[in-house]
Structures are given as structure tokens and as C-alpha cells.
Amino acid sequence: QVQLVESGGELVQAGGSLRLSCAASGLTFSNYAMGWFRQAPGKEREFVARISRSGSDSAYIDSVKGRFTISRDNAKNTVHLQMNSLKPEDTAVYYCAAGVWATLPTTQVYWGQGTQVTVSS
């Protein structure tokens, strides 16, 4: 079956960096756009970033532009989220998801289980 497994979340101080990874199995990885989402306590899950099937296109929410970078390695079936200059408001459970590039922010085919990122002030 399809599995998306996130890793890399941890406690970090404000201004620090983290690199999240998502390892995919059970699907033809290069057929899917990939995205990262997050859910903070008491808030709804929100779209953070997406990357196209080939990795040539990416998009971000405004609050992370210039700080986060999404990338993928289709040979290794992995997608990453490099997070720099972290802020306390970035604290959330981060999820990766697979879907279609055009609709990924609102419609996802597969989800991972999430990894906790906590940014202390």
C-alpha cells in the first residue's frame, strides 16, 4: 500500500533551521506532485508548499517565502522541506501529501502521518 513517512521534526530555537524529509513507497512517485502542509494547535491544517512532478516548479504560502525550500529526489522517492529562520509561529505538525499539481493545496490523494516541529522563542 501507499506510505508517506515524514521525519526530521524536532524542537529548535527561533532563528534555527530544520530539514524535513518524506519517504514515499507503494506509488509511482514521479507521477505525483508533492506538498507540505502543517497544522498548529487549535488551527486548521494549511498548505505550506508544493513541488511539481519533475521538480521544476514550486509554490509557497506567503508566510514562508524566502525561508522554506521544497525539493524532491525522484530517484530516491523523497521530498524535503528545508526550513530556515524558523519562528515560533512555525510550530505545528508537518505533513507531506501527494496529489495533482493544480489542485494539491485543496485536494490530496495520499497523506503521511506527520512530524512535530516546535520552535521555541
Is there side-chain contact between W111 and C96, with heavy atoms separated by less than 4.5 Å?
no
Using the test side chain to side chain donor-acceptor pair (under 3.5 Å), find all partners of [X] that sit at least two apart in sequence or belong to another chain.
{"X": "N84", "result": "S17, Q82"}
{"X": "N77", "result": "none"}
{"X": "R45", "result": "none"}
{"X": "E89", "result": "none"}

Check residues 97-110 and write down every donor-acceptor pair under 3.5 Å in which the side-chain atom is one partner and the other belongs to a residue at least two apart or another chain.
unit_1, atom_1, unit_2, atom_2, d
T106, OG1, T103, O, 3.2
Q108, NE2, L104, O, 2.7
Q108, NE2, P105, O, 3.4

Taking only residues two or more places apart in sequence or in another chain, which ones pass side-chain contact (heavy atoms from CB on, under 4.5 Å) with [X]?
{"X": "S7", "value": "S21"}
{"X": "A40", "value": "K43, A92"}
{"X": "V93", "value": "Y95, Q116"}
{"X": "E10", "value": "L18"}

Looking at OG1 of T78 and CG of L20, how far apart are the two atoms once the value is rounded to the nearest 0.5 Å?
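Output value for this atom pair is 12.5 Å.
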Pair R67-D90, side-chain contact (heavy atoms from CB on, under 4.5 Å): steps then yes or no:
CA-CA 11 Å; R67 300 189 299 122; D90 295 318; 2.8 Å; yes
Which ring-ring contact (aromatic ring centres under 6.0 Å, His included) pairs, counting each pair once, include a residue from residues 50-81, with sequence neighbours left out?
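Of all non-adjacent pairs touching residues 50-81, none passes ring-ring contact (aromatic ring centres under 6.0 Å, His included).
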Whether the side chain of [X] engages the backbone of [Y] through a donor-acceptor N/O pair (distance < 3.5 Å, no angle test) should be reported.
{"X": "R38", "Y": "V117", "value": "no"}
{"X": "E6", "Y": "G114", "value": "yes"}
{"X": "T91", "Y": "T118", "value": "no"}

Report the residues that fulfil salt bridge (Lys or Arg N to Asp or Glu O under 4.0 Å) with R19, sequence neighbours left out, ordered by chain and then residue number.
none
Once side chain to side chain donor-acceptor pair (under 3.5 Å) is applied, what residue pairs with a partner in residues 49-58 remain, sequence neighbours excluded?
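Every pair satisfying side chain to side chain donor-acceptor pair (under 3.5 Å) with a residue in residues 49-58: S54-S56.
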Should the pair D62-K65 be classified as a salt bridge under the 4.0 Å nitrogen-to-oxygen rule?
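Answer for the salt bridge query: yes.
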